[in-house]
2 protein chains.
Amino acid sequence: MSQRNTGVTPQVVNAHACPVREVLDRVAGKWSVQILVAAAQGPIRFTELERGIEGISRRMLTLTLRNLERDGLVTRTVYPTVPPRVEYELTPVAQELHETLQRLTDWAERNRVYIAEARAAYDVERQPELLDA
Amino acid sequence: MSQRNTGVTPQVVNAHACPVREVLDRVAGKWSVQILVAAAQGPIRFTELERGIEGISRRMLTLTLRNLERDGLVTRTVYPTVPPRVEYELTPVAQELHETLQRLTDWAERNRVYIAEARAAYDVERQPELLDA
DNA sequence: CCGTATCCTGGTCGATACTG
DNA sequence: CAGTATCGACCAGGATACGG
């Protein structure tokens, strides 16, 4: 592989067997989903994204946007004004993705308490001695 | 945090703002989804999982199962026979999750070609000099 | 305003060897 | 059969500084 490490998601050697994993690899990055969500309402500027997504660094914002753009999930439009202005917008395909992600959100919200309790119970079960520290 | 590193997913310091990320953190692990899929048809044994999921190591299978169990997504049942027999089964909550993951799969399959082409186009655009190597 | 380049750290996973 | 323990590699992502 003659390509240097550009920070872009490297291509897989053995193609994915499972299509679910394929999506996840695209979306499992720490910031991908939040960008998709933030951009779902319409075109949005770089700085708006940066301000809207708590804790994201400029680097990761750029990197994640590039990957999304590479996969055809966002479009990048540069307006050659001064100061420069760049807008990102979800493609129709990404809009679909965003809708299915919404199902996941629903699931998470319906079951977040259940999961939290399961965790708590499990942890108590396995590490009871840590309770009196 | 007085807990040693047991290989179990560490708890987050700052709680998740976004509920989508909460799901993803639970499912984004390299093997979680494949385990959920493999177990979706009914109770399944450790070795069956190991054989069914190409490339998974014993270690990762155990680790991922533990995390899923901890989150209340799978149940672990030990039959004290000899040789021992352990069965894993999805909880109803995980069954729901599995269904929504199915939507993601559908999306992936509908759009895999589109994405592959987007990638190819993007890469050519950015690294044309690599074509004649 | 919108990035890129570099350096560095910690968490994830694979390999391997050992147990009830 | 169904695990656990240990070590090491690798890379995603944070901090920081610079550029058009």
Side-chain angles (χ1 to χ4, degrees), chain A residues 1 3-14 21 24-35 39 43-69 74 76-88 126, chain B residues 1 3-14 21 24-35 39 43-69 74-89 126:
Chain A
M1 197 102 357
Q3 190 168 349
R4 277 195 318 122
N5 178 9
T6 56
V8 190
T9 305
Q11 35 294 92
V12 275
V13 195
N14 303 332
R21 273 242 53 86
L24 288 176
D25 287 344
R26 217 144 265 125
V27 148
K30 191 171 179 183
W31 304 106
S32 310
V33 178
Q34 295 183 61
I35 291 181
I44 188 169
R45 300 183 58 175
F46 186 87
T47 315
E48 293 178 314
L49 284 167
E50 195 176 11
R51 276 192 297 256
I53 302 176
E54 176 121 17
I56 196 171
S57 68
R58 197 158 272 172
R59 172 182 136 85
M60 284 317 292
L61 181 53
T62 307
L63 239 47
T64 312
L65 283 170
R66 288 294 171 278
N67 281 321
L68 293 174
E69 190 193 356
V74 305
R76 177 173 180 271
T77 315
V78 182
Y79 298 93
T81 60
V82 34
R85 170 157 151 251
V86 181
E87 285 192 349
Y88 293 90
R126 304 266 299 203
Chain B
M1 196 95 6
Q3 188 166 349
R4 277 194 321 123
N5 177 11
T6 54
V8 189
T9 304
Q11 33 293 89
V12 277
V13 194
N14 305 331
R21 273 241 51 86
L24 287 176
D25 287 345
R26 216 145 266 127
V27 148
K30 192 171 178 183
W31 304 105
S32 309
V33 179
Q34 295 183 60
I35 290 180
I44 188 170
R45 300 181 59 174
F46 186 87
T47 314
E48 293 178 314
L49 284 168
E50 195 178 10
R51 275 192 299 255
I53 302 176
E54 176 121 16
I56 196 171
S57 67
R58 197 158 275 173
R59 173 181 135 85
M60 284 317 294
L61 180 54
T62 307
L63 239 46
T64 311
L65 282 170
R66 288 293 172 276
N67 280 320
L68 292 174
E69 189 192 357
V74 305
T75 58
R76 178 173 180 273
T77 315
V78 182
Y79 299 92
T81 59
V82 36
R85 170 158 152 246
V86 180
E87 285 191 347
Y88 293 91
E89 185 173 15
R126 305 266 300 202

Which residue pairs pass the salt bridge (Lys or Arg N to Asp or Glu O under 4.0 Å) test with at least one member in residues 77-89 of chain B, sequence neighbours excluded?
B/Arg85-B/Glu87
For A/Tyr79, which contact category applies under a 4.0 Å heavy-atom criterion: base, sugar-phosphate, or nothing?
nothing
Measure the distance from CG on B/Leu65 to C1' on D/dG3 and round it to the nearest whole Å.
11 Å
Rounded to the nearest Å, what distance is computed from the CG atom of residue A/Leu63 to the P atom of nucleotide C/dT6?
14 Å
Residues forming a side-chain hydrogen bond (donor to acceptor under 3.5 Å, both in side chains) with B/Arg76, sequence neighbours excluded:
B/Tyr88
Measure CZ/B/Arg76 against P/D/dC1 and give the value in whole Å, please.
16 Å
Contact summary for B/Phe46 and B/Leu65, nearest pair of heavy atoms:
CD1-CD1, 4.0 Å
Looking at CG of A/Leu63 and CG of A/Leu68, how far apart are the two atoms once the value is rounded to the nearest 0.5 Å?
10.5 Å
Starting at atom CD1 of B/Ile44, determine the distance to atom P of D/dC1, rounded to an integer number of angstrom.
14 Å
Nucleic acid footprint by protein, nucleotides 14-20 of chain C - heavy-atom cut-off 4.0 Å, B for base, S for sugar-phosphate alone
BB----B
Mind checking side-chain hydrogen bond (donor to acceptor under 3.5 Å, both in side chains) for A/Arg45 and listing every partner two or more places apart, or none if nothing turns up?
none
In whole Å, what is the span from the CD1 atom of B/Ile35 to the C1' atom of C/dC13?
13 Å
Is the distance from OP1 or OP2 of C/dT4 to the nearest side-chain N or O of A/Arg66 less than 4.0 Å?
yes
If I take atom CG in residue A/Asn67 and atom C1' in nucleotide C/dG3, what distance separates them, rounded to the nearest angstrom?
15 Å
What's the closest nucleotide to the A/Thr62 side chain, out of D/dG3, C/dT4, D/dC1?
C/dT4
Closest approach of A/Val27 and A/Ser32, non-hydrogen atoms and distance?
O-CB, 3.7 Å
State which residues pass side-chain hydrogen bond (donor to acceptor under 3.5 Å, both in side chains) with B/Glu50; sequence neighbours excluded, sorted by chain then number.
B/Arg58
Taking CZ from A/Arg26 and C1' from D/dA12, how many angstroms apart are they, rounded to a whole number?
17 Å
Could you tell me how far apart A/Leu49 (CG) and C/dC1 (P) are, to the nearest whole angstrom?
14 Å
